[in-house]
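Heads up, the thing below is written out as structure tokens.
What you are looking at is a predicted structure, and each value in this text was computed from that prediction instead of being measured. Throughout, a chain's letter reflects where its sequence line sits, starting with A, and its residues are numbered from 1.
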There are 2 protein chains.
Amino acid sequence: MLEKTAKSWQDRRRESARQEILTAAWDAAREHGLGAITLRDVAERVGMRAPSLYWHFPSKMALYDAMFGQAWRSCLEVQTDLDTRLPASPRRALRMDARAFFDFCVQDPVRHQLMNQRSIPGFVPSAESYAPAVEVLERFRRLLARLGIADDAGVDLYTALLSGLIDQQLANDPGGDRWARLLDRAVDMWATEMNLPDDPERLTEEP
Amino acid sequence: MLEKTAKSWQDRRRESARQEILTAAWDAAREHGLGAITLRDVAERVGMRAPSLYWHFPSKMALYDAMFGQAWRSCLEVQTDLDTRLPASPRRALRMDARAFFDFCVQDPVRHQLMNQRSIPGFVPSAESYAPAVEVLERFRRLLARLGIADDAGVDLYTALLSGLIDQQLANDPGGDRWARLLDRAVDMWATEMNLPDDPERLTEEP
DNA sequence: GTCTATACACCGATAGAC
DNA sequence: GTCTATCGGTGTATAGAC
């Protein structure tokens, strides 16, 4: 059992090196733009030469892929941490959930670009890196199911609304709150469209 | 007077060359991705060498900028052409207007990426190229004003909703209609939020 | 005026020495 | 593991052909 999970000294050292490279890559992306990362720049930030990175990552795309997975795993963690703290009121729970996702995305524009836009030509996330993204959406579906909403089209409408607010905020008012302050109103508008009861604590009950 | 507007033979020839290069650039972008355009590829498509492009465009960014302006001018043309054909019913007018914009964006993913996402590191549209984009939004504000809506926050909510539907359609169901078929429902949801009357032909009249 | 040839610095990636 | 050396390809500047 231990042999399976325990990591050797080499493995941990290797993992730490990978992590250092990833951090440097995020820094480079935030400084010069996601699509403007260069391996020479990343290598210099960790005190290496560019070819040495190839021992840790098989290609530049693999580096992007690791960043993608890291971002979505971080997002999933934020969302699951929220599960225990959601209020009983459906609308208030929705508002808090939306706010958490909105803030997470707006907080790091470059991360959001990698997570939610296909802007790197030729980059396609691996199944492993994509898994936490699927899990985030699945978790949200379960939340809605608990609120009595199982309308798939309604969920699609919600994702469009939320991602639209995030994109507009980042594209047209970065650092501001012009769309951030519309979030509650948007969620309520959608909740009304979904026939979610207005305020009471209890969930809707189908006849 | 004629001297002012008429174009010399050289000007027209130059304009035609620029247009040929732009078309080749669009082709290259659709084939390899917007951010993966190379000047050598574009030049080859028009039967030139890469450095020759520099007589027509001062830089690669200027090429992107011309494409950006072309895309938004085309979008503005589609929208203004619509003005004369909008139905009297506010909701039906809104639905038709939204559909025209949605279709225009979804019809060409690469064009949409250039118009509405900041995915090319270092590219910032010039004031001249940005002007028709502003005009499209202004025209929409005027349309809403005619419908009795002057709520700026409401307009922001609308742009978020519409752009969100477009992005989701392109990102998660390219070539399909999973979000396209939600468009009317979304517009109606927003119209209700804006207290737009349900069906009658006449516009709302403020006291 | 319109384009080509040449050149340069930088890119991702590979081979092989240590 | 990390290095040096190197490859083909990139955007771009410039000199000069016609």
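The CG atom of L39(A) sits 9 Å away from the C1' atom of dC11(C) (whole-angstrom rounding). One atom, CG of D41(B), and another, P of dG9(D), lie 13 Å apart when rounded to the nearest Å. Between the CD atom of E44(B) and the P atom of dG9(D) there is a distance of 12 Å, given to the nearest Å. Between the P atom of dG1(D) and the CD1 atom of I21(A) lies a distance of 12 Å, rounded to the nearest Å. Between R13(A) atom CZ and dT2(D) atom C1' there is a gap of 12 Å when expressed in whole angstrom units. Rounded to an integer number of Å, the gap from NZ of K60(A) to P of dT14(C) is 14 Å. Per the geometry, CZ belonging to F57(A) stands 14 Å off P belonging to dG1(D), to the nearest Å. In this structure, CG of L53(B) is placed 14 Å from P of dT2(C), rounded to the nearest angstrom.
Backbone-only engagement by T38(B) is indicated by non-hydrogen atom pairs under 4.0 Å involving sugar-phosphate atoms exclusively. Using a 4.0 Å heavy-atom distance criterion, I37(A) is classed as a sugar-phosphate-only contact.
Side-chain atoms of R141(A) and L137(A), non-hydrogen and from C-beta on, do get closer than 4.5 Å to each other.
Between Y130(B) and F68(B), the ring-plane angle classifies as parallel under the 30° and 60° cut-offs.
A distance below 6.0 Å separates the ring centres of F140(B) and Y158(B).
Each of R14(B) and P51(B) has a nearest nucleotide on DNA chain C; the 5'-most of these lies closest to R14(B).
Here the shortest heavy-atom pairing between V106(B) and L170(B) reads O-CD2, 3.9 Å.
Relative to the six-membered ring of F104(B), R111(B) meets both conditions, a distance below 6.0 Å and an angle of at most 45° to the axis.
A donor-acceptor contact under 3.5 Å links the side chain of R40(A) to the base of dG12(C).
Considering only the side chain of R49(A), dC3(D) comes nearest among dT4(C), dC3(D), dG1(D). The listed nucleotides are dG12(C), dT12(D), dT2(D); the one nearest the side chain of Y54(B) is dT12(D). Residue A50(B) has its side chain nearest to dT12(D) when only dT12(D), dT14(C), dT2(C) are considered.
OP1 or OP2 of dT2(C) has not a single side-chain nitrogen or oxygen of S52(B) nearer than 4.0 Å.
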